[in-house]
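Read the numbers this way: they start at 1 and go in the same order the structure lists the ligands and their atoms. Positions are given from 1 along the sequence.
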Amino acid sequence: MRLSELGEFGLIEKIRRSFSVKSPRAPLSIGDDAAALAVSPSSVLLATTDMLVEGVHFDLSFTDFFSLGWKSAAVNLSDIAAMGGIPRFCLTALAIPPGIGTEQIADFYKGFGAVLREHEVLLVGGDTCSSRKGFIVTVTALGETEKALLLRRSGARPGDRIFVTGTLGESAAGLEILKKRGRRQASGVKRLMEKHLRPVPRVEWGRKIAQSRCATSMIDVSDGLALDLSHLCDESGAGAQLFSGKIPLSNALRRSAGALTGPVLDYALAGGEDYELLFTAPPRKLRKLRGLGIQATEIGIVTKARGISLVNADGKKKPLAPQGYDHFRRR
Ligand code: ADP
Ligand code: MG
């Protein structure tokens with residue numbers, strides 16, 4: 001079968017099946033934002049790795065090296081945040097093509113270091129090699145959490161409410177504007193570009209959500225709300241209804257509507273790279289959740305019926321395809 005038919009997630013599912021781990025040493029392996037590995041009776045080591053490839057994930061014509069370093073750290077810490085964990089260590093592997101010099105690598109590590117300092121994460125290793133073509137960055141992040149507080153993708157139950165932190169869609173809108181016009185921008189769209197180039201991993205919020213024991217499941221929004229919600233639902237054996245009027249959109253995104261090719265809601269539903277946290281909580285926890293002081297919006301409800309539907313203001317429902325970023329399908 002062709003990769004374009006199987007898709008990125010079909011391929012991962014195949015790998016997962018052939019290496020199915022049924023060991024108490026790995027309570028969680030392939031299939032969540034990070035693996036959870038037993039290192040002591042009460043806590044788990046969280047491990048995740050993410051690769052950023054020039055021409056696929058970033059374009060050096062409008063991405064500065066500081067931002068690239070920043071983002072490489074942020075996207076990995078976001079996966080630790082999605083487990084409710086504390087990031088502790090990371091490793092960086094770089095493949096460097098001709099034409100990239102020491103100053104650029106220094107800028108990369110300035111950006112990388114800025115995120116690490118913010119979260120008190122230590123860089124403890126990695127690998128360095130040449131590349132014939134294209135800059136490739138692979139980061140592995142390690143973190144920890146209490147076994148009892150681990151937040152998986154698989155815990156959502158029918159009737160749970162669905163929440164998302166922050167606002168959605170700005171990163172994808174920012175990318176579209178960067179592609180079209182480069183970085184010489186009017187200040188109105190600066191926030192969108194910032195969100196794309198320097199996302200903020202929601203580590204503190206993830207931790208608060210886990211410690212409150214309010215949530216039943218969690219994932220970070222890297223591929224797009226519709227697709228990441230479908231991952232969460234698939235792992236939980238459930239479906240969802242999303243209320244289109246409740247999806248949090250920033251004023252910056254709404255104001256930029258005229259500069260974008262599609263409706264703003266589409267950027268929020270399918271755009272990806274927001275690195276916000278998407279989680280579920282039963283109705284009896286809503287009061288406690290509101291008291292946590294995190295910016296989270298209720299956007300839907302988990303259903304027994306599989307599939308995701310979008311409910312419009314007039315109450316009409318339509319199925320929402322799990323659209324978002326798939327590395328092979330869009331070719
Ligand atoms: P995320 O978007 O949270 O980084 P991915 O969609 O990249 O997650 O991956 C989903 C799951 O599949 C994760 O548990 C990840 O570790 C695992 N995974 C992805 N690619 C591979 C691979 N080539 N081999 C083993 N596991 C993989
Ligand atoms: Mg993730």
Can a donor-acceptor pair be found between the side chains of Asp274 and Ser171 at a distance below 3.5 Å? no
Residue portion contacting ligand 1 (non-hydrogen atoms closer than 4.0 Å) for Ile15: side chain
Measure the distances from the heavy atoms of Phe19 to every atom of ligand 1 and state whether one is below 4.0 angstrom. no
Check which hydrophobic residues are tied to Phe243 through side-chain heavy-atom contacts below 4.5 Å, counting indirect links as well, and list them. Ile301, Val311
Below 4.0 Å, non-hydrogen atoms only: which portion of Arg153 touches ligand 1? Side chain, backbone, both or neither. side chain
Per-atom contact, atom 3 (O) of ligand 1, protein heavy atoms, under 4.0 angstrom: yes
Tell me the nearest of Gly31, Ala47, Ala82, Ser29 to atom 11 (C) of ligand 1, using heavy-atom distances. Gly31
If you scan protein heavy atoms around atom 18 (N) of ligand 1, the nearest is Ile12 CG2, 4.0 Å
For ligand 1, which atoms, with element, lie under 4.0 Å from some heavy atom of Asp50? 4 (O)
For the pair Arg213 and Glu146, evaluate salt bridge (charged side-chain N to carboxylate O under 4.0 Å, His left out) and give the outcome as yes or no after the intermediate values. CA-CA 12 Å; Arg213 296 176 192 253; Glu146 298 83 350; over 6 Å; no
Decide whether Thr49 and Thr140 meet the rule of one side-chain donor and one side-chain acceptor closer than 3.5 Å. yes
Hey, which atoms in ligand 1 end up nearer than 4.0 Å to a heavy atom of Phe9? 6 (O)
So is Asp32 polar-close to ligand 1, meaning N/O to N/O under 3.5 Å? yes
Arg290 with Glu298: basic N within carboxylate O range, under 4.0 Å: yes
The single option from Asn76, Leu277, Leu77 passing side-chain contact (heavy atoms from CB on, under 4.5 Å) against Pro201: Leu77
Parallel, tilted or perpendicular, as decided by the 30° and 60° cut-offs, for the rings of Tyr325 and His57: tilted
Atom indices of ligand 1, in the order listed, that fall short of 4.0 Å to a heavy atom of Ser222: 2 (O)
Correct closest heavy-atom pair for Leu278 and Asp228 would be CD2-C, 4.2 Å
Which of the atoms of ligand 1 are close to Asp33, meaning less than 4.0 Å from one of its heavy atoms? 3 (O)
Between Phe135 and Phe65, what is the ring plane arrangement, given parallel below 30°, perpendicular above 60°, and tilted in between? tilted
Ignoring hydrogens and geometry beyond distance, is a side-chain donor-acceptor pair present between Ser20 and Lys22 at under 3.5 Å? yes
Can you pull out the closest protein heavy atom to atom 17 (C) of ligand 1? Residue, atom name and distance to 0.1 Å, please. Ile30 CG2, 3.7 Å
Does any donor atom in the side chain of Tyr109 or Thr92 lie under 3.5 Å from an acceptor atom in the other side chain? yes
Kindly state if atom 26 (N) of ligand 1 has a protein heavy atom within a strict 4.0 Å cut-off, that is, under 4.0 Å? yes
Total protein N/O/S atoms whose distance from the Mg ion (ligand 2) is less than 2.8 Å: 3
Do we see a donor-acceptor contact under 3.5 Å between the side chains of Ser236 and Arg152? no
